[in-house]
Amino acid sequence: MSSPIPDPVVAGLAAGWQVTDASTLQADRTLEADVVIVGSGAGGGITAELLALAGLQVLIVEEGGLKSSSDFKMREADAYPALYQESAARKTRDKAINILQGRTVGGSTTVNWTSSFRTPPGTLAHWRSQHGLAGYTEESLAPWFAMVERRLHISDWPVPPNENNDLLRRGARKLGIPTAAIRRNVNGCWNLGYCGMGCPTNAKQSMLVTTIPAALSLGARLVTHARAQRFTFKGERVDSMQVTALDASGLVPTGITLTLRAKHFVLAGGAINTPALLLRSQAPDPYKLLGRRTFLHPTVISAALFTQRVDAYAGAPQTIYSDHFLGTQAIDGAIGYKLEAPPLHPLLMATTMGGFGEAHARTMREFAHVHGLLALLRDGFHEEAAGGTVGIDASGAPVLDYPLTPFIWDGVRRALLAMAEIQFAAGARSVYPVHEMAGHYTSWAQARQAIEGLPFKPLLARVVSAHVMGGCAMSDDEHLGVCDAHGRYRGLVNLSVHDGSLFPTSIGANPQLSIYALAARLASALAQQLTGKPAPGLRTDA
């Protein structure tokens, strides 16, 4: 086995990176930069490196803390409170959908499962025809995808799939359902399977070990435990941003305020947080679009028991997928879904599975033999799957309302049926759709009859999401998007958005690579505008 890749965070701090932990500040401060970037995830990380390479003074603001591989102990109880929004328990307003989002330097890229897909051609075509994005073609985006794929070592994964993923492949093959391999952004991966808790070997090419270190080494500054609270405006410009310092847990305001001033501000805090900041600031929104059309890829799960050990926690977490049930549905017809096999870890599984008491305990005792499938529903392409709306509560905290319509529930039922059939075809002893009124079914005929008869309502069928998109849609048409096709926020000449909140629909695939490429395109144009010089490309020597 290869040695762990040297920790760039430890090395960078020793070399004198300019990092301020706001939890330690004893007095208010005012900081200035050419560009302030809110968020250090997929959009913020790519933007930070490109702007720093262009010679601009960059200041990155992150609500979470700065962790490194030395902090990643492969323990769920440590990872979820430290690395995720609301300790991995963020939910929609009605509690019907659990949302996993990162909150740490590197954002969700620090804790995702490395699955890397380019934006599907059908999605881009829909954006051009329905959402006023004439310039978003496969050809125009290809150079940006190629750039970030080189930078982040996104490539085919040469290692055979673990049993959890191979069961998807084997079961689908018996039914004539095509599958394919998932590309991953890793370099020297140990195939451990604990990506969701932070990579302990620095192999995952997240923003934490790639673009953020590169930007900081070029002189960018980073402020952690700092919550972007609101903007103040002067005419059509952002004059400053107020930032609240948080304690070391990242939960409680300390009473210290930072005032940030810059020539330009870039929002990259992710869908939900980016619209919420703009709503708190009462940003211009003449057509009442801000926070609307927020998408989740509503995701449902099917568990199965096998005679052999599956050990779904071990090995690369997601390496096989099927788009069969996307391709067989018209993009604007009945909702389609992507199938993947998620990793299973005890806490994640226990809090996701339905049931309680002895029945739940019995399921957990079979942990090593449990297989999981999930279906990502492609929302945003039909009027009955128009997404949700981000708002703010009385304290200014973000809240997402996401209606689960009969149209979506129809997709849930079809997805649970498809996953159960695949699992039985792979040799499952029993299948358990994750639904509070479902049982463990021992044959495909029994499961089909039961699933067809289940009531599908919020809080009965377990729905989760790790892909939050939309809420600050981009469009050439001001009636369709609060941002233009260059990510510039309409009505404010020095404010841009560089994250997944720009998407006018969901992607229909894991979104990290789409955000990387989009941010590279937008940040390069911004760098050229701010400096008057051709924008540099991302590093390729790392």
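These numbers were taken from a predicted model, which means no experiment stands behind them. These values consider heavy atoms only, across backbone and side chains, with no hydrogens, waters or symmetry-generated copies.
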Side chains of [X] and [Y], heavy atoms from C-beta outward: is any pair under 4.5 Å?
X      : Y      : value
Leu518 : Met474 : yes
Arg413 : Glu452 : yes
Thr442 : Arg429 : no
Ile97  : Val464 : no
Asp379 : Leu377 : no
Val300 : Met419 : yes
His435 : Arg462 : no
Met241 : Arg230 : no

Worksheet, complete the sentence: When Thr210, Asn202, Leu208 are each screened for side-chain contact (heavy atoms from CB on, under 4.5 Å) with Ser206, the one that passes is Leu208
Worksheet item: Only one of Leu400, Ile272, Val468 clears side-chain contact (heavy atoms from CB on, under 4.5 Å) with Arg90; which?
Response: Ile272
When rounded to the nearest 0.5 angstrom, what is the spacing between [atom1] in [X] and [atom2] in [Y]?
X      : Y      : atom1 : atom2 : answer
Met469 : Leu502 : CE    : CG    : 13.0 Å
Thr119 : Ile507 : OG1   : CD1   : 4.5 Å
Ile301 : Leu373 : CD1   : CG    : 10.5 Å
Asp410 : Ile335 : CG    : CD1   : 9.0 Å
Leu347 : Arg75  : CG    : CZ    : 13.0 Å
Phe424 : Trp444 : CZ    : CH2   : 8.5 Å

State, to 0.1 Å, how close [X] and [Y] come at their nearest heavy-atom pair, and which atoms those are.
X      : Y      : result
Pro433 : Gly439 : CD-O, 3.8 Å
Ser40  : Gly106 : OG-N, 3.0 Å
Tyr321 : Ala181 : CE2-O, 3.4 Å
Gly250 : Arg227 : O-NH2, 4.1 Å
Gly470 : Ala271 : O-CB, 3.4 Å
Thr299 : His297 : OG1-O, 2.6 Å

Worksheet item: Between Arg309 and Glu366, does a salt bridge (Lys or Arg N to Asp or Glu O under 4.0 Å) hold up when you go through it step by step?
Response: CA-CA 9 Å; Arg309 290 180 67 100; Glu366 299 275 9; over 6 Å; no
Is a donor on one side and an acceptor on the other found under 3.5 Å between the side chain of [X] and the backbone of [Y]?
X      : Y      : result
Asp71  : Ser68  : yes
Ser116 : Thr114 : yes
Tyr337 : Arg414 : yes
Glu62  : Gly64  : yes
Thr110 : Gly198 : no
Ser501 : Val497 : no
Lys95  : Leu459 : no

Should the pair [X] and [Y] be assigned to parallel (<30°), tilted (30 to 60°) or perpendicular (>60°) ring geometry?
X      : Y      : result
Phe407 : His382 : parallel
Tyr432 : His440 : parallel
His131 : His126 : tilted

Practice prompt. Take Trp157 and Cys189 through the side-chain contact (heavy atoms from CB on, under 4.5 Å) test and state the conclusion after the steps.
Written response: CA-CA 10 Å; Trp157 174 239; Cys189 176; 3.7 Å; yes
Worksheet item: What do you reckon, are the aromatic ring centroids of His345 and Tyr194 less than 6.0 Å apart?
Response: yes
Discussion item. Please confirm whether the ring centroid of Phe306 lies under 6.0 Å from the ring centroid of His369.
Written reply: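 For Phe306 and His369, the ring centres are not under 6.0 Å apart.
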Worksheet item: For Asp78 and Lys73, what are the C-alpha separation, side-chain angles and deciding distance, and is it a salt bridge (Lys or Arg N to Asp or Glu O under 4.0 Å)?
Response: CA-CA 8 Å; Asp78 296 335; Lys73 306 298 184 184; over 6 Å; no
Look at [X] together with [Y] and state whether they make a salt bridge at an N to O cut-off of under 4.0 Å.
X      : Y      : result
Asp323 : Lys338 : yes
Glu163 : Arg169 : no
Arg118 : Glu149 : yes

Worksheet item: Between Gln512 and Asn112, is a side chain to side chain donor-acceptor pair (under 3.5 Å) present by the stated rule, with each step listed?
Response: CA-CA 9 Å; Gln512 70 158 343; Asn112 70 21; 3.0 Å; yes
Fill in: Stepwise side chain to side chain donor-acceptor pair (under 3.5 Å) test for His153 and Asn185
CA-CA 5 Å; His153 294 269; Asn185 61 314; over 6 Å; no
Worksheet item: Would you say the side chains of Gln101 and Ser108 form a donor-acceptor pair under 3.5 Å?
Response: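 No.
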Fill in: Residue pair Gln242 / Gln229, side-chain donor-acceptor N/O under 3.5 Å
no
Worksheet item: Should the pair Arg378 and Phe381 be classed as cation-pi, given the thresholds of under 6.0 Å to the six-membered ring centre and 45° from the axis?
Response: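 Cation-pi check for Arg378 and Phe381: passes.
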Worksheet item: Has Arg292 got more than 12 heavy atoms of other residues, nucleotides or ligands less than 6.0 Å from its CZ?
Response: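 Open: at most 12 neighbouring heavy atoms sit under 6.0 Å from CZ of Arg292.
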Worksheet item: More than 12 foreign heavy atoms under 6.0 Å from CD of Gln282: is that the case here?
Response: no
